[in-house]
Amino acid sequence: MRTLFIAVRSLVFGSYFIGLWAWLALQFRVHDRAGHVLPSWTALPGVLLLLAGAVLAISCVVNFVTRGQGTPAPFDAPVKFVPTGPYRWVRNPMYIGGWLMIAGFGLLLRSPSAVVFSVVFWLCSHLFVLFYEAPTLRDKFGAEYEEYCRWVHRWLPAR
C-alpha cells in the first residue's frame with residue numbers, strides 16, 4: 001500500500017513538472033510566430049526523442065518509487081540511495097529524459113524557439129544539480145554517494 005501511495009504522489013508531481021516545462025516551452029515560442037519554423041522532417045525525430053525521453057524518465061520514476069521509496073520531487077525524495085536502472089550508467093538520467101522530451105517536443109512542433117528552450121532546461125537542470133542536488137545527496141548518503149560519483153558520470157554514460 002505504501003508503494004502505491006508513493007507511486008500516486010510521483011504521478012501527481014511528475015504531471016505537474018512535465019506540464020510546467022511543456023507550458024514554458026510553448027510560451028517560449030514567441031519567435032516562431034514570425035514565420036520561423038523547422039523543416040517538416042523534424043517531426044519524426046521529435047516524436048522519437050519525445051518517446052525516448054519519456055521512457056527514460058518513467059523508468060527513473062519507477063526506480064525511485066520501488067527501490068528508493070520516494071518520488072522525484074526534492075521535497076519528497078527517496079529515502080534509499082538508487083544506483084540502479086538508468087542510474088547505473090549516468091547520475092542524472094531523469095534530467096536527460098526531461099531534456100529529450102522538451103527537445104523532441106520542439107522538433108515535433110517544428111519550433112526553433114522550443115528547441116533552444118530545451119537548452120535553457122538543461123542549463124537550469126545542471127545548475128540545480130551542481131548547487132542543490134549533488135550537495136544534498138552527499139550530505140544524505142555520504143560515502144556511498146561519493147563512491148558512486150567516482151564510477152558514474154554526471155551527464156554522459158561511462159564505460
Side-chain angles (χ1 to χ4, degrees), residues 1-28 45-108 111 113-159:
M1 189 60 135
R2 176 173 160 67
T3 302
L4 178 62
F5 184 59
I6 295 168
V8 169
R9 290 193 326 258
S10 291
L11 181 63
V12 169
F13 300 152
S15 297
Y16 279 116
F17 185 78
I18 291 167
L20 169 68
W21 284 97
W23 179 80
L24 288 170
L26 288 171
Q27 302 313 304
F28 206 78
V47 168
L48 297 176
L49 286 178
L50 187 59
L51 290 174
V55 167
L56 182 57
I58 289 168
S59 68
C60 293
V61 172
V62 168
N63 254 325
F64 273 17
V65 170
T66 59
R67 297 221 165 82
Q69 298 177 356
T71 75
F75 51 83
D76 192 17
V79 295
K80 294 181 180 178
F81 185 58
V82 182
T84 58
Y87 291 92
R88 286 179 292 186
W89 299 292
V90 66
R91 289 197 311 245
N92 299 294
M94 195 171 315
Y95 298 114
I96 295 169
W99 172 74
L100 288 171
M101 288 171 58
I102 293 171
F105 187 53
L107 290 173
L108 176 62
S111 167
S113 299
V115 172
V116 168
F117 180 73
S118 75
V119 176
V120 172
F121 171 84
W122 180 84
L123 180 61
C124 290
S125 298
H126 181 66
L127 294 173
F128 180 75
V129 164
L130 284 180
F131 295 111
Y132 174 77
E133 191 170 82
T136 300
L137 291 171
R138 268 191 190 83
D139 290 345
K140 188 172 184 177
F141 298 112
E144 187 178 19
Y145 182 73
E146 290 292 339
E147 180 67 16
Y148 173 71
C149 289
R150 278 191 209 90
W151 296 104
V152 179
H153 293 220
R154 183 176 286 136
W155 296 113
L156 297 174
R159 290 183 180 180

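Heads up: numbering here begins at 1 and tracks the sequence. Predicted model, so just to flag it, every value in this text is computed and none were measured.
Annotation for P78 and K140: closest pair O-NZ, 2.6 Å, computed over non-hydrogen atoms. Of all heavy-atom pairs between V61 and P72, the closest is CG2-CG, 3.6 Å.
Using a 4.5 Å heavy-atom cutoff, the side chains of F128 and P74 are in contact. Between Y87 and F64, some side-chain heavy-atom pair lies under the 4.5 Å cut-off. Annotation: side chain of Y148 is not in contact with side chain of F141 (no heavy-atom distance under 4.5 Å).
One distance of note links CG of L137 with CD of E146; it measures 10.5 Å at 0.5 Å rounding. Rounding to the nearest 0.5 angstrom, the gap separating the OH atom in Y16 from the CH2 atom in W23 is 15.0 Å. For the atom pair OH (Y145) and CZ (R91), the distance works out to 5.0 Å, reported to the nearest 0.5 Å. Separating the CG atom in L127 from the CG atom in L123 is a distance of 4.5 Å, to the nearest 0.5 Å.
Within a 6.0 Å radius of CG in L20, more than 12 heavy atoms belonging to other residues, nucleotides or ligands are found.
Residue pairs meeting the side-chain hydrogen bond (donor to acceptor under 3.5 Å, both in side chains) criterion with at least one member in residues 114-137, sequence neighbours excluded: Y95-E133, W99-S118, H126-W155.
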Donor-acceptor contacts, no H, no angles, side chain residues 45-57, under 3.5 Å, sequence neighbours left out:
none

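For R67, the side-chain hydrogen bond (donor to acceptor under 3.5 Å, both in side chains) partners are N63, not counting sequence neighbours. With sequence neighbours excluded, no residue forms a side-chain hydrogen bond (donor to acceptor under 3.5 Å, both in side chains) with R154. Qualifying ring pair (Phe, Tyr, Trp, His ring centres under 6.0 Å) partners for F131, counting only residues two or more places apart in sequence or in other chains: none. Residues forming a salt bridge (charged side-chain N to carboxylate O under 4.0 Å, His left out) with E144 (at least two apart in sequence, or on another chain): none.
Between F13 and F75, the ring planes are perpendicular. Angles over 60° get that label, and only those under 30° would be called parallel.
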